[in-house]
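In what follows, a single structure is set out as structure tokens and then discussed.
Protein chains get the first letters and strands the later ones, always in sequence-line order, with residue 1 at the start of each.
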Protein chains: 2
Amino acid sequence: MVTKQYSGSPEDADLTRADSLARELFSDIANKWALLIIETLGERTLRFSELRNEIEGISHKMLTQNLRMLERNALVEREVHPTVPPRVEYTLTEPGQALKRTVDGMCDWTHRYLGHIEASRRRFGT
Amino acid sequence: MVTKQYSGSPEDADLTRADSLARELFSDIANKWALLIIETLGERTLRFSELRNEIEGISHKMLTQNLRMLERNALVEREVHPTVPPRVEYTLTEPGQALKRTVDGMCDWTHRYLGHIEASRRRFGT
DNA sequence: CGGCATCCAAAGTGATACTG
DNA sequence: CAGTATCACTTTGGATGCCG
């Protein structure tokens, strides 16, 4: 599991390091914008401005920041066309596509339980 | 999809409302702490203080805040035992368990691609 | 157009104190 | 023990403007 903690025995050192990396990676991708970018990019390759338009409410800064992060983690590939005006395209890599499939599950879940949850909110007093 | 936008035709009103709810719900749950709570609670029912200990790095405030949010969205059930000292237990509901299964997929993904991504980071220059 | 830097507002943290 | 509240501090996010 992602949340496993250090047990103290020396032979666990590698496992612990791997876990802390896993945890860091999890923290990177477990955020609204990153997941929405992955979902959106799952359909097809998109330019920066197209992504900006598709993802309602994302700021220029957050889009840039998250794209860099996703690139760093090899989820997204960035291709620059040296034209005027510049044209930069983003594509999901294989690991990115694999992650997208799990995020699809989250989206499906969202829609499946929408009514259930809406009712719960009313019960809760919005 | 979660990111669908308003098209303007009146008959889309319900769909649009559902989508905005879905989007809001997605924003609620697509965050580091909420997903970690769901993962941790997936194993078994836990008390507030147990959760706090299991989830490394979460603050008292964020735990409270996210638990309320998860309760509001019917992902978590809160059971108060009126004893001294008080005992409050949190359990995943059925929708919560369903969501956990998809988050498990994310965790699996994290571990499967760990090496791949670690290499990419080095290439990227940390 | 895409990216970066800047500034300001908002959210999160950790400590602490107080209630039931 | 669980939860709420407050406060000072840090981090993050949004808006804006400039550059290649």
Side chain of Pro86(B) only, heavy atoms from C-beta on: which candidate in dG14(C), dG13(D), dA2(D) is closest?
dA2(D)
Using a strict threshold of under 4.0 Å (side-chain N to carboxylate O), is an ion pair present between Asp19(A) and Arg23(A)?
no
How many Å lie between CD on Glu79(A) and C1' on dC1(C), as a whole number?
16 Å
Nearest-angstrom distance from the residue atom CD of Glu50(B) to C1' of dA2(D):
13 Å
Measure CG/Leu63(B) against P/dT13(C) and give the value in whole Å, please.
11 Å
Would you kindly give the CG-to-C1' distance between Asp28(A) and dT11(D), to the nearest whole Å?
15 Å
Is the distance from the ring center of His60(B) to that of Phe48(B) below 6.0 Å?
yes
Hey, are Asn31(A) and Asn31(B) close enough side-chain-wise for a donor-acceptor pair under 3.5 Å?
no
So, is Arg47(B) near the phosphate of dA2(D), with a side-chain N or O under 4.0 Å from OP1 or OP2?
yes
Assert: residue with more 5' nearest nucleotide on DNA chain C, out of Gly57(B) and Phe48(A), is Phe48(A)
Among Ile38(A), Leu70(A), Thr40(A), Leu46(A), which residue satisfies the side chain to side chain contact (heavy atoms under 4.5 Å, CB included) criterion with Leu92(A)?
Ile38(A)
Tell me the interatomic distance from Leu67(A), atom CG, to dC1(C), atom P, rounded to whole angstroms.
17 Å
Please report, rounded to the nearest Å, how far the P atom of dA10(C) is from the CE atom of Met62(A).
16 Å
Lys61(A) atom NZ is separated from dC7(C) atom P, nearest whole Å, by 12 Å
Contact class for Arg52(B) vs. all strands (heavy atom < 4.0 Å): base, sugar-phosphate, or nothing?
nothing
Using OP1 and OP2 only, check whether a side-chain N or O of Tyr90(A) sits under 4.0 Å from dG3(C).
yes
Minimum-distance nucleotide (side-chain atoms of Arg68(A) versus dG13(D), dC4(C), dG20(D))
dC4(C)
Within the structure shown, what part of the strands sits under 4.0 Å from Arg87(A) by heavy-atom distance: base, sugar-phosphate, or nothing?
nothing
Are any of Arg78(A)'s side-chain N or O atoms less than 4.0 Å away from OP1 or OP2 of dG2(C)?
no
Regarding Tyr113(B) and Glu94(A), do their side chains bring together a donor and an acceptor under 3.5 Å, going by distance alone?
yes
Would you indicate, yes or no, if dA2(D) has its OP1 or OP2 atom less than 4.0 angstrom from a side-chain nitrogen or oxygen of Ser49(B)?
yes
Between NE2 of His60(B) and C1' of dA2(D) the distance, given in whole Å, is 7 Å
So, does Trp33(B) get its side chain near the phosphate of dT13(C), meaning an N or O under 4.0 Å from OP1 or OP2?
yes
